[in-house]
Amino acid sequence: QVQLVESGGGSVQAGGSLRLSCTASGYTYSSVCMGWFRQAPGKERERIASIYTPSGATDYHDSVKGRFSISRDNAKMSLYLHMNSLKPEDTAMYYCAAASRSPCLIAVDNYNYWGQGTQVTVSS
């Protein structure tokens, strides 16, 4: 089983930057994709970025495209989300997730491992 732990959340002002980290353990070889999701109170969960493990191909939600960047460090068994030009609308709980099978770069139904989340708050 894959275990995921997020860190790096916090409070920043609009226009600022933040880097989220996700450390993985367990049977990570089963993770075809890894991704970042977020959910604000009263809103639906949304996928904001994903990476296809075998090739490194990435995909982003339109709302964060050009501002956020997903990356990985295989040696450290870590996933990162570099967040730039943050907006108050980015305020949410951010979750790291892993999918054990494809399709998963764009589709979300195969994500079955989840971290507990890290809070990001952006003030205006």
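Values reported hereafter were calculated over all heavy atoms of this structure, with side chains retained and with hydrogens, waters and symmetry mates removed.
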Decide yes or no for [X] and [Y]: does some side-chain heavy atom of the first lie under 4.5 Å from some side-chain heavy atom of the second?
| X | Y | answer |
| --- | --- | --- |
| Ser25 | Met77 | no |
| Gln13 | Val122 | no |
| Met83 | Val120 | yes |
| Ser7 | Thr118 | no |
| Arg38 | Asp90 | yes |
| Ile70 | His82 | no |

Report yes or no: does [X] contribute a side-chain atom to a donor-acceptor pair with the main-chain N or O of [Y] at less than 3.5 Å?
| X | Y | value |
| --- | --- | --- |
| Ser50 | Leu105 | yes |
| Glu6 | Gly117 | yes |
| Tyr111 | Cys104 | yes |
| Gln116 | Val5 | no |
| Thr53 | Val32 | yes |
| Ser78 | Lys76 | yes |

Query raised in the report: Is there a side chain to side chain donor-acceptor pair (under 3.5 Å) between Asn112 and Ser100 once you walk through the steps?
Result: CA-CA 7 Å; Asn112 52 356; Ser100 58; 2.9 Å; yes

Query raised in the report: Listed by chain and number, what are the salt bridge (Lys or Arg N to Asp or Glu O under 4.0 Å) partners of Lys65, not counting sequence neighbours?
Result: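 Lys65: salt bridge (Lys or Arg N to Asp or Glu O under 4.0 Å) contacts with Asp62.
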
Should [X] and [Y] be counted in the same cluster of Ile, Leu, Val, Met, Phe, Trp and Tyr side chains packed under 4.5 Å apart?
| X | Y | answer |
| --- | --- | --- |
| Met93 | Val108 | yes |
| Tyr60 | Leu20 | yes |
| Tyr52 | Tyr80 | no |

Requested in this report: Give, for atom CD of Glu89 and atom OG of Ser124, the distance between the pair rounded to the nearest 0.5 Å.
Outcome: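 Between atom CD of Glu89 and atom OG of Ser124 there are 9.5 Å.
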
Query raised in the report: Which distance, rounded to the nearest 0.5 Å, do you find between the OG1 of Thr91 and the NZ of Lys43?
Result: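 Nearest 0.5 Å value for the OG1-NZ distance: 9.0 Å.
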
Requested in this report: Kindly determine whether Ile48 and Leu81 satisfy side chain to side chain contact (heavy atoms under 4.5 Å, CB included), including the steps that lead there.
Outcome: CA-CA 10 Å; Ile48 56 175; Leu81 184 67; 3.7 Å; yes

Requested in this report: Would you check if there is a donor-acceptor pair between the side chains of Asn84 and Ser17 at a distance under 3.5 Å?
Outcome: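 Their side chains do contain a donor-acceptor pair, which is all the 3.5 Å distance test asks for.
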
Query - Phe68: partners by ring-ring contact (aromatic ring centres under 6.0 Å, His included), with sequence neighbours left out - result: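 ring-ring contact (aromatic ring centres under 6.0 Å, His included) list for Phe68, sorted by chain: empty.
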
Requested in this report: Decide side chain to side chain contact (heavy atoms under 4.5 Å, CB included) for His61 and Glu46; before the verdict, give the C-alpha distance in whole Å, the side-chain angles of both, and the deciding distance to 0.1 Å.
Outcome: CA-CA 8 Å; His61 190 275; Glu46 62 179 1; 4.0 Å; yes

Query raised in the report: Step by step, would you call Thr23 with Leu4 a side chain to side chain contact (heavy atoms under 4.5 Å, CB included)?
Result: CA-CA 6 Å; Thr23 57; Leu4 306 171; over 6 Å; no

Query raised in the report: Testing Tyr95, Tyr113, Trp114 for ring pair (Phe, Tyr, Trp, His ring centres under 6.0 Å) with Phe37, which one passes?
Result: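 The passing option is Trp114.
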
Requested in this report: Considering non-hydrogen atoms only, spot the tightest contact between Arg72 and Ser55 and give its length.
Outcome: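 So the two residues come closest at NH2-C, 4.1 Å.
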
Query raised in the report: With sequence neighbours excluded, what pairs up with Asn110 under the side-chain contact (heavy atoms from CB on, under 4.5 Å) test?
Result: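 Scan of Asn110 (side-chain contact (heavy atoms from CB on, under 4.5 Å), adjacent residues dropped) gives Ala99, Arg101, Pro103.
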
